[in-house]
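Let me begin by presenting the structure, written as structure tokens, before commenting on it.
Heavy atoms only: backbone and side chains are in, while hydrogens, waters and symmetry mates are out.
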Amino acid sequence: IESERNWEDSQDPNPLIRALAVRTMGCIRVDKITEYLCDPLQKWGQVFILDALSKYKAADPREAENIVERVTPRLQHANCAVVLSAVKMILQQMELITSTDVIRNLCKKMAPPLVTLLSAEPEIQYVALRNINLIVQKRPTILAHEIKVFFCKYNDPIYVKMEKLEIMIKLASDRNIDQVLLEFKEYATEVDVDFVRKAVRAIGRCAIKLERAAERCISVLLELIKIKVNYVVQEAIIVIKDIFRRYPNTYESIIATLCESLDTLDEPEAKASMIWIIGEYAERIDNADELLESFLESFPEEPAQVQLQLLTATVKLFLKKPTEGPQQMIQVVLNNATVETDNPDLRDRAYIYWRLLSTDPEAAKDVVLAEKPVITDDSNQLDPSLLDELLTNISTLSSVYHKPPEAFVTRLKTTVQKTEDEDFAEGSETGYSSSNPVDSAASPPASIGNVAHPAGRQPAPAPAVPAPVPDLLGDLMGLDNAAIVPVDEPTTPSGPPLPVVVPASTGQGLQISAQLTRRDGQVFYSMLFENNTQAVLDGFMIQFNKNTFGLAAAGPLQIPPLQPGTSARTMLPMVLMQNMSAGPPSSLLQVAVKNNQQPVWYFSDKIILHALFGEDGRMERGTFLETWRSLPDTNEVQKEFPGITITSVESTIDLLAAFNMFFIAKRKNGSQDVIYLSAKVPRDVPFLIELTAMVGQAGLKCAVKTPTPEIAPLFFEAVELLFKA
């Protein structure tokens, strides 16, 4: 009866119920259960069969055709995963088929099911579009006549629109470019700024890709410039610069129109593009020196991208028009770029130009005014070998990320995943990370509360069990607590003394020292265990309570059995945003550690914010200024540290750089030095920092501006810790 009920559930329209039914039947140890399992497995199991078939290499074209013929009906399946797996399998076998007629027919058969995927819900559309992006790079003829299905709808989510744009560029041809340009022009008038920018850039990419359509693309870009929307104008100038590089000496007649928008440029890439155009065609622009001079006034404040382009453009102008005006300009630029800058790239380029101009102007012309290589279409960005690898992984995460599996999964280990309602527990092993993971079906731990732990309590040693094999069915459906996470092998480091968090007097002879740290872009919990008891301690496990940054163990706590009088040190890899707590931000990190011989030890540690600062926190000077201005004054928090003395500006910059707080600029404010730095915490939250102090005298004023000012107190704690250390 139970088997029949489960068989009925395996036909349920709800995929979760179907999965549970198949899983339950698989656990019933009765011989006859196989006859109930075969039918549903032949239906929820087609994906696995097709994936296995895709790895088989046919012996000859005839066998490949036979395999494809058997698989083709799966293209009409209602399940999206089955359709994509069938497409993957057919694409693999098409590599061996030599008949052009067969190839043409298969391409026609694959188009309708791929188009049908775009009528599903947005999330499935996105996965389908990411896979189609790969398919059209390999076989563009499959969807060459279906470009209209990729036109964006008004209610499409932005991530779907962006993917549709990419595919439209790849499918654009001389035959359909007029339709495509009409669509792109309409998108460029929408309200979503990112989508508008992408649409304008798409017009430029089509111009670079299709030579015969370039003039029509430029006409559309000029029409968009005339509507005088600032971000549209700037994006148009950026793509027109690329068009000039693709078709030199062809469309320069439009430069006068571009120059009319000079005063509206405020984005670094747009400024740099306009400066490049002026420098490259200085001999055709009567007032080129005046145009460049307007940028020179703000040279010290410009981002490095603009400064570099301005330097080169001024040198080009001087070589093409060696009159009095350009001569004065080149002196100003070279002086700014060599004396007034901290950017080594800008300074080195300026010195090279200076040496060339002063020793051999003709050689300078050969270098600076040399003919440039023509840029090519970048619509098919992926390397052919990478594309082939991704096509073998269609309908997997690899095809969504557009990365090979090894790029985002380095090692597989099992750990225990906690639900939102779980917390610390006395005597419960479910929430702990250990070298011997326990069954994830164990009862969830109770709340930490204020439970007293009897000193004489001795929990029974846990039996050693082999590492469990991941339940693929449960994992796919989200029905199991076992999660697979990539973890690197932890090392056993040596280093400076760690703060004691559990003294031996409290830990019945076990002393634990620990601190958060960062190494090679990864957050670790550095721990030292010292056994001052008369017994061997083993079976160490650790659990972290919910905290502001969701810190949790990324793998097991690997501590060998500790003999009496010995110690062991380890670096426990940590993950972020996995175990978030509610309420205001706090630096509190509550930890529980247990072993087989002692009760659970609870202790509180501090989250050191600078251990979370990412290596990607560096900002360009212009970006820093723009971000500072964009944040309201209410987002600025200040604190004074009367007991901190800065001995040198340079040593302070070096100290903070070691903890991913990056130098932006410095200035004098009377007798005080002001240093500006940038940093970034998880979830791309920037910290804009201003330090003010008088070298050699006590007193440091720290101001920080951030989109999340409530985290500022944690930052001030980190600053005080760093300088006092």
Between [X] and [Y], is there a side-chain N and carboxylate O pair less than 4.0 Å apart?
{"X": "Lys198", "Y": "Glu235", "result": "no"}
{"X": "Lys705", "Y": "Asp633", "result": "yes"}
{"X": "Asp242", "Y": "Arg205", "result": "no"}
{"X": "Glu183", "Y": "Lys164", "result": "no"}
{"X": "Asp101", "Y": "Arg104", "result": "yes"}
{"X": "Arg197", "Y": "Glu267", "result": "yes"}
{"X": "Asp178", "Y": "Arg216", "result": "yes"}

Can you confirm whether the side chains of Asn335 and Gln331 place a donor and an acceptor under 3.5 Å from each other?
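Their side chains do not contain a donor-acceptor pair, so the 3.5 Å distance test is not met.
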Can Asn249 and Arg284 be counted as having a side-chain donor-acceptor contact under 3.5 angstrom?
yes
Please lay out, stage by stage, how Tyr126 and Met162 fare under the test side-chain contact (heavy atoms from CB on, under 4.5 Å).
CA-CA 10 Å; Tyr126 178 75; Met162 293 294 198; over 6 Å; no
[atom1] of [X] to [atom2] of [Y]: how many Å apart, nearest 0.5 Å?
{"X": "Lys316", "Y": "Ile278", "atom1": "NZ", "atom2": "CD1", "answer": "11.5 Å"}
{"X": "Leu382", "Y": "Gln137", "atom1": "CG", "atom2": "CD", "answer": "4.5 Å"}
{"X": "Leu91", "Y": "Ile135", "atom1": "CG", "atom2": "CD1", "answer": "5.5 Å"}
{"X": "Glu283", "Y": "Leu317", "atom1": "CD", "atom2": "CG", "answer": "10.0 Å"}
{"X": "Thr708", "Y": "Phe687", "atom1": "OG1", "atom2": "CZ", "answer": "5.0 Å"}
{"X": "Leu221", "Y": "Ile243", "atom1": "CG", "atom2": "CD1", "answer": "5.0 Å"}

If you define the side chain from C-beta out and look only at heavy atoms, does anything of [X] sit under 4.5 Å from [Y]?
{"X": "Leu369", "Y": "Lys320", "value": "yes"}
{"X": "Phe184", "Y": "Cys217", "value": "no"}
{"X": "Leu357", "Y": "Leu319", "value": "yes"}
{"X": "Leu656", "Y": "Leu691", "value": "yes"}
{"X": "Tyr251", "Y": "Glu215", "value": "yes"}
{"X": "Val367", "Y": "Ile352", "value": "no"}
{"X": "Met94", "Y": "Arg139", "value": "yes"}
{"X": "Glu620", "Y": "Gln305", "value": "no"}

[X] side chain to [Y] main-chain N or O, any donor-acceptor pair under 3.5 Å?
{"X": "Gln234", "Y": "Asp266", "result": "yes"}
{"X": "Lys321", "Y": "Ala282", "result": "yes"}
{"X": "Tyr247", "Y": "Ala207", "result": "yes"}
{"X": "Ser678", "Y": "Leu688", "result": "no"}
{"X": "Asn393", "Y": "Thr396", "result": "no"}
{"X": "His402", "Y": "Leu390", "result": "no"}
{"X": "Arg246", "Y": "Ile208", "result": "yes"}
{"X": "Asn131", "Y": "Ser395", "result": "yes"}
{"X": "Glu252", "Y": "Thr250", "result": "yes"}

Considering only distance and modelled atom types, tabulate donor-acceptor pairs under 3.5 Å from the side chains of residues 111-120, sequence neighbours left out.
unit_1 : atom_1 : unit_2 : atom_2 : d
Thr116 : OG1    : Pro112 : O      : 2.8
Ser119 : OG     : Thr116 : O      : 2.6

Considering residues, nucleotides and ligands other than [X], do more than 12 of their heavy atoms fall under 6.0 Å from its [atom1]?
{"X": "Tyr401", "atom1": "OH", "value": "no"}
{"X": "Lys228", "atom1": "NZ", "value": "yes"}
{"X": "Glu626", "atom1": "CD", "value": "no"}
{"X": "Lys153", "atom1": "NZ", "value": "no"}
{"X": "Asp286", "atom1": "CG", "value": "no"}
{"X": "Arg212", "atom1": "CZ", "value": "no"}

Only one of Leu75, Ile97, Ile142 passes side-chain contact (heavy atoms from CB on, under 4.5 Å) with Leu106; say which it is.
Ile97
Looking at Leu291, Leu262, Leu310, Leu265, which hits side-chain contact (heavy atoms from CB on, under 4.5 Å) with Ile275?
Leu310
Below 30° counts as parallel, above 60° as perpendicular, anything between as tilted: where do the rings of Phe244 and Tyr281 land?
perpendicular
Can Glu190 and Lys161 be said to form a side-chain contact (heavy atoms from CB on, under 4.5 Å), step by step?
CA-CA 12 Å; Glu190 291 202 8; Lys161 289 182 176 180; 3.3 Å; yes
So, for [X] and [Y], which heavy atoms are closest and what is the spacing to 0.1 Å?
{"X": "Asn176", "Y": "Ala144", "result": "ND2-O, 4.3 Å"}
{"X": "Ala236", "Y": "Ile225", "result": "CB-CG1, 3.7 Å"}
{"X": "Val232", "Y": "Ala188", "result": "CG2-O, 3.9 Å"}
{"X": "Pro682", "Y": "Leu612", "result": "CD-O, 3.6 Å"}
{"X": "Gln307", "Y": "Pro300", "result": "NE2-O, 3.5 Å"}
{"X": "Ile177", "Y": "Cys206", "result": "CD1-CB, 4.0 Å"}

Verify side-chain contact (heavy atoms from CB on, under 4.5 Å) between Leu165 and Arg201, making sure each step is shown before the conclusion.
CA-CA 10 Å; Leu165 273 180; Arg201 194 154 293 201; over 6 Å; no
Show, in sequence, the C-alpha distance, side-chain angles and deciding distance for Asn343 and Thr341, and conclude whether the side-chain hydrogen bond (donor to acceptor under 3.5 Å, both in side chains) test is met.
CA-CA 6 Å; Asn343 187 324; Thr341 183; 5.5 Å; no
Of Lys666, Lys668, Arg667, which is the lone residue that meets salt bridge (Lys or Arg N to Asp or Glu O under 4.0 Å) with Asp673?
Lys668
Tell me whether the guanidinium CZ or amine NZ of Lys403 lies under 6.0 angstrom from the six-membered ring centre of Phe408 and within 45° of its axis.
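No, Lys403 does not sit over the ring of Phe408.
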Quick one, Phe150 with Lys170, criterion side-chain contact (heavy atoms from CB on, under 4.5 Å). Give me CA distance, side-chain angles, the key distance, then yes/no.
CA-CA 11 Å; Phe150 299 103; Lys170 289 178 172 62; over 6 Å; no
